[in-house]
There are 2 protein chains.
Amino acid sequence: MKKTDTEQIRAANRVDIINALRVFGPVARVDIGRITKLSPATVTAITSELAGEGVIEEVNAPTPSTGRGRPRVLIDLNPNHACVLGIKLSINEIRLMLGDLKGNILAESVVTAKTQAHDQASLNEMLVSQAQRFMADYPEQAQRLVSLGIAIQGFVDVHAGDVVWSPALNMRHVNLTRALEEAFNCPVELANDANCIAYAIHKQPDYADCRDFAVIMIGYGVGGGLIVGGELYSGHFGAAAEFGHTKFSHEGPQCACGKRGCIEAYVADYALYRDASAVMDLPATDRRHPSEKQMGRLTQLAVDGDAAASRLFHQAGKALGFGIANILALLSPQKVVVTGPGVRAFEQMQAGIVEGIDDSLIPELIGRADIDPYPWSLDMTGKGIIALALKHFR
Amino acid sequence: MKKTDTEQIRAANRVDIINALRVFGPVARVDIGRITKLSPATVTAITSELAGEGVIEEVNAPTPSTGRGRPRVLIDLNPNHACVLGIKLSINEIRLMLGDLKGNILAESVVTAKTQAHDQASLNEMLVSQAQRFMADYPEQAQRLVSLGIAIQGFVDVHAGDVVWSPALNMRHVNLTRALEEAFNCPVELANDANCIAYAIHKQPDYADCRDFAVIMIGYGVGGGLIVGGELYSGHFGAAAEFGHTKFSHEGPQCACGKRGCIEAYVADYALYRDASAVMDLPATDRRHPSEKQMGRLTQLAVDGDAAASRLFHQAGKALGFGIANILALLSPQKVVVTGPGVRAFEQMQAGIVEGIDDSLIPELIGRADIDPYPWSLDMTGKGIIALALKHFR
DNA sequence: CCACTAAATTTACGTCTCAAACTAAATAGA
DNA sequence: TCTATTTAGTTTGAGACGTAAATTTAGTGG
């Protein structure tokens with residue numbers, strides 16, 4: 001509380017109601033009361049305040065009309081009341097996404113750019129000009145822009161807004177938020193891409209009451225995200241959940257980070273393809289980036305019962321399970337969610353995962369934690385960075 | 001917020017003030033205002049409320065008397081206003097501790113008992129009767145008893161009050177809180193012993209503004225505790241921070257938990273002594289429990305430059321550093337604190353720890369995290385469980 | 001002995017939520 | 001058709017809270 005206190009209560013209750021609406025779509029005021037545990041009087045007070053500001057609207061949709069009594073009038077966020085700009089920065093690609101108040105992606109634009117051929121100043125210049133160019137196409141939304149979000153692979157310090165290291169850049173310790181903050185005069189949120197995905201999953205209605213879980217993203221690399229106490233956890237130095245660089249072994253194969261034995265070096269696409277190439281005949285590939293098609297073929301081999309491929313995924317599963325066991329021991333989470341392009345092979349790894357966990361932990365420590373796959377879709381990072389940026393909408 | 005709201009504000013501000021007093025000893029009301037960011041008016045209101053209840057007292061100590069102006073009157077918690085009973089359950093030993101409102105241990109009693117020769121009913125019976133016998137010696141305090149706390153080695157579910165597994169008991173999934181709650185008609189807190197120590201350290205004034213750190217306790221076993229966002233984190237299943245059973249290797253020496261390659265199996269007293277016995281001539285010992293004296297001698301060997309002993313501690317340090325690296329990657333904490341009887345050899349392990357971390361993580365991920373030793377004292381578990389029990393004093 | 005200073009208290013005010021009373025808008029059944 | 005019933009939502013009045021500003025208290029310094 002503190003400070004002018006009681007006004008802070010109102011502010012907190014406002015965001016509670018806004019969040020309830022964001023998660024549970026259009027609902028009646030009664031339900032908001034039930035969800036937020038606020039009295040009907042308070043719900044009325046706050047919702048009419050919000051309606052006055054244009055944040056929410058009554059939605060005259062097909063009324064459900066159950067039973068008797070006064071029919072409930074549904075209200076929902078007015079998606080157009082505010083918007084945010086999400087930027088996903090990857091190697092040689094900048095993806096710009098316009099998000100509305102409900103977290104939907106309204107528009108998208110992909111720009112090819114040599115992300116690695118910049119110094120700090122020119123990189124920020126490019127980001128600002130690309131962002132301005134993109135927003136110029138949506139002049140109405142530009143006026144209602146609340147905040148920006150940037151998602152990037154690699155290690156970030158979210159508190160400082162610095163990219164500590166990223167495969168997308170050829171330099172270290174680059175601040176990416178200040179220039180955009182000045183150019184757009186609004187807050188800019190920086191986040192690791194896997195953290196974005198964790199946050200996006202956390203915002204799914206079916207995860208609404210799951211307050212402590214870990215997300216593992218398998219793709220070109222292996223990333224992670226932690227939801228702790230219902231919030232995305234970024235740690236004191238803002239770089240939490242770098243699951244891919246926890247270790248399976250103190251020796252072991254080379255990881256992209258430069259060290260050896262990282263979980264990533266066993267489970268990421270590049271690692272699987274590298275290990276597969278050693279034991280079977282596969283088309284050559286850019287070592288760092290086997291294509292989705294190539295990875296799909298490799299997975300299909302295992303599905304079809306190829307022994308070497310099956311063994312490969314089983315091994316990767318074991319390494320993954322070993323890493324998950326460390327998460328279970330350290331954090332005792334409700335569940336561990338596995339997603340990313342790499343879930344395509346979840347079933348092929350599952351037995352290995354279970355074996356890896358069982359080998360590492362006694363049943364008492366594994367407890368009732370679930371290891372769940374989560375279907376991958378390309379826009380999850382975008383959804384997540386937009387949701388993170390929307391935090392700034394009070 | 002929620003509910004009867006504004007009363008909850010008051011409650012929150014009350015505990016803020018109580019906590020400020022608990023941490024910063026006797027202070028003037030002005031300082032409380034500065035610490036809690038409450039207005040002087042509010043501080044006056046709440047402190048006089050608390051004084052009326054006897055929770056706090058004006059302390060007429062040697063006034064600091066700086067400069068002019070009305071002299072500040074120091075207030076402090078009245079340590080005798082309430083008390084808690086802390087119970088530490090270890091193998092064949094029950095330690096009972098009476099704690100006052102300031103978290104001091106007022107009295108202590110150690111009972112020898114065959115903790116492993118019980119079923120759930122008789123164990124709880126014994127705990128209740130021992131606790132009642134102990135409190136009978138302090139009839140005045142017994143009337144002001146607020147809550148109980150139980151600390152135990154092993155895996156616990158703090159939410160359910162269950163001991164899932166413990167070396168001190170010969171059964172699994174034992175509830176230890178219900179019987180005591182009924183007998184004393186007050187809340188009972190169960191906690192893992194290493195978590196207690198983490199909480200005790202967190203409550204030290206010099207850790208007051210350290211809100212995200214990990215504690216590693218090295219002793220007969222290796223335990224852990226996590227302070228996340230300024231709170232002791234116990235995870236969804238209430239068993240977080242079992243650092244000792246995160247892994248150094250998927251093969252490796254046998255751990256007390258039954259699995260192989262746990263950090264504990266390299267760093268705990270029993271592991272060090274076992275490994276040392278293989279390469280040098282040491283007096284035989286109960287394999288599970290080398291004595292403090294024996295461990296001291298082993299450490300002294302390394303201090304004196306014995307090559308084999310030095311190598312041993314260096315190796316243990318490497319395993320520890322490897323495990324710490326996983327914590328750094330996953331949680332990005334401000335610091336990692338190493339304590340427990342095993343800190344006696346911290347200096348001998350330090351180079352190994354640093355090596356283990358450097359081998360595992362690129363400098364960007366290690367960041368500015370400190371690895372600090374914390375001097376061990378026997379009553380830290382007690383301090384911690386008492387502090388945890390005191391949470392129930394609103 | 002009085003001006004000055006800093007700590008603590010009192011007062012006046014605005015904000016908040018909630019319970020309870022009330023209004024609104026529908027249905028079910030006589 | 002009409003009335004009792006039911007559920008949703010609003011209004012009102014009371015109680016609690018914290019703050020700013022004014023005031024009191026209790027010292028120091030010259």
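Below, chain A is the first sequence line, B the second, and so on; all start at residue 1. The figures that follow rest on heavy atoms only: side chains count, while hydrogens, waters and symmetry mates do not.
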Using a cut-off of under 3.5 Å, enumerate the N/O to N/O pairs linking the protein to nucleotides 7-9 of chain D.
| residue | atom | partner | partner atom | Å |
| --- | --- | --- | --- | --- |
| D:dT7 | O2 | A:Arg70 | N | 2.6 |
| D:dA8 | OP1 | A:Arg72 | NE | 3.4 |
| D:dA8 | OP1 | A:Arg72 | NH2 | 2.4 |
| D:dA8 | O4' | A:Arg70 | O | 3.1 |
| D:dA8 | N3 | A:Arg70 | NH1 | 3.2 |
| D:dG9 | OP1 | A:Val73 | N | 2.8 |
| D:dG9 | OP1 | A:Val73 | O | 3.1 |
| D:dG9 | OP2 | A:Arg29 | N | 3.2 |
| D:dG9 | OP2 | A:Val30 | N | 2.9 |

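Contact check on B:Asp212 versus B:Lys335 returns no salt bridge, with no Lys/Arg side-chain nitrogen under 4.0 Å from an Asp/Glu carboxylate oxygen.
Counting to the nearest Å, the P atom of C:dA8 and the CD1 atom of B:Ile46 are 15 Å from each other. When the C1' atom of D:dC17 is taken as reference, atom CG of B:Leu38 falls 11 Å away, rounded to whole Å. Distance, B:Ile75 CD1 to C:dA7 C1': 12 Å, rounded to whole Å. Counting to the nearest Å, the C1' atom of C:dT17 and the CZ atom of B:Arg10 are 16 Å from each other. A straight line from CD1 of B:Ile9 to C1' of D:dG15 spans 14 Å, rounded to a whole angstrom. Computed from coordinates, the B:Ile56 CD1 to C:dA8 P distance equals 11 Å when rounded to whole Å. Atom-to-atom, CD of A:Glu49 to C1' of D:dT10 comes out at 16 Å; the value is rounded to the nearest Å. A straight line from NZ of B:Lys37 to P of D:dT19 spans 13 Å, rounded to a whole angstrom.
Regarding contacts with the backbone of C:dC18, a side-chain N or O of A:Thr42 is found under 4.0 angstrom from either OP1 or OP2. B:Asn13 has no side-chain polar atom (N or O) that falls below the 4.0 Å cut-off from OP1 or OP2 of D:dC17.
With the nearest nucleotide of DNA chain C identified for both A:Ala41 and B:Ala45, B:Ala45 has the one nearer the 5' end.
By the side chain to side chain contact (heavy atoms under 4.5 Å, CB included) test, A:Arg34 pairs with A:Val30, A:Asp31, A:Arg72, sequence neighbours left out. For B:Val158, the side chain to side chain contact (heavy atoms under 4.5 Å, CB included) partners two or more places apart in sequence, or in a different chain, are B:Val156, B:Ser234. Shown here are the side chain to side chain contact (heavy atoms under 4.5 Å, CB included) partners of A:Asp157, two or more places apart in sequence or in another chain: A:His159, A:Ala160, A:Asp162, A:Val164, B:Arg368. Looking at residues two or more places apart in sequence or on another chain, you find no side-chain hydrogen bond (donor to acceptor under 3.5 Å, both in side chains) involving B:Asn78.
The side chain to side chain donor-acceptor pair (under 3.5 Å) contacts involving residues 47-56 of chain B comprise B:Arg10-B:Glu49, B:Arg14-B:Glu49, B:Arg14-B:Glu53, B:Arg29-B:Thr47, where partners must be two or more places apart or lie in separate chains.
B:Asp206 CG: more than 12 foreign heavy atoms inside a 6.0 Å radius.
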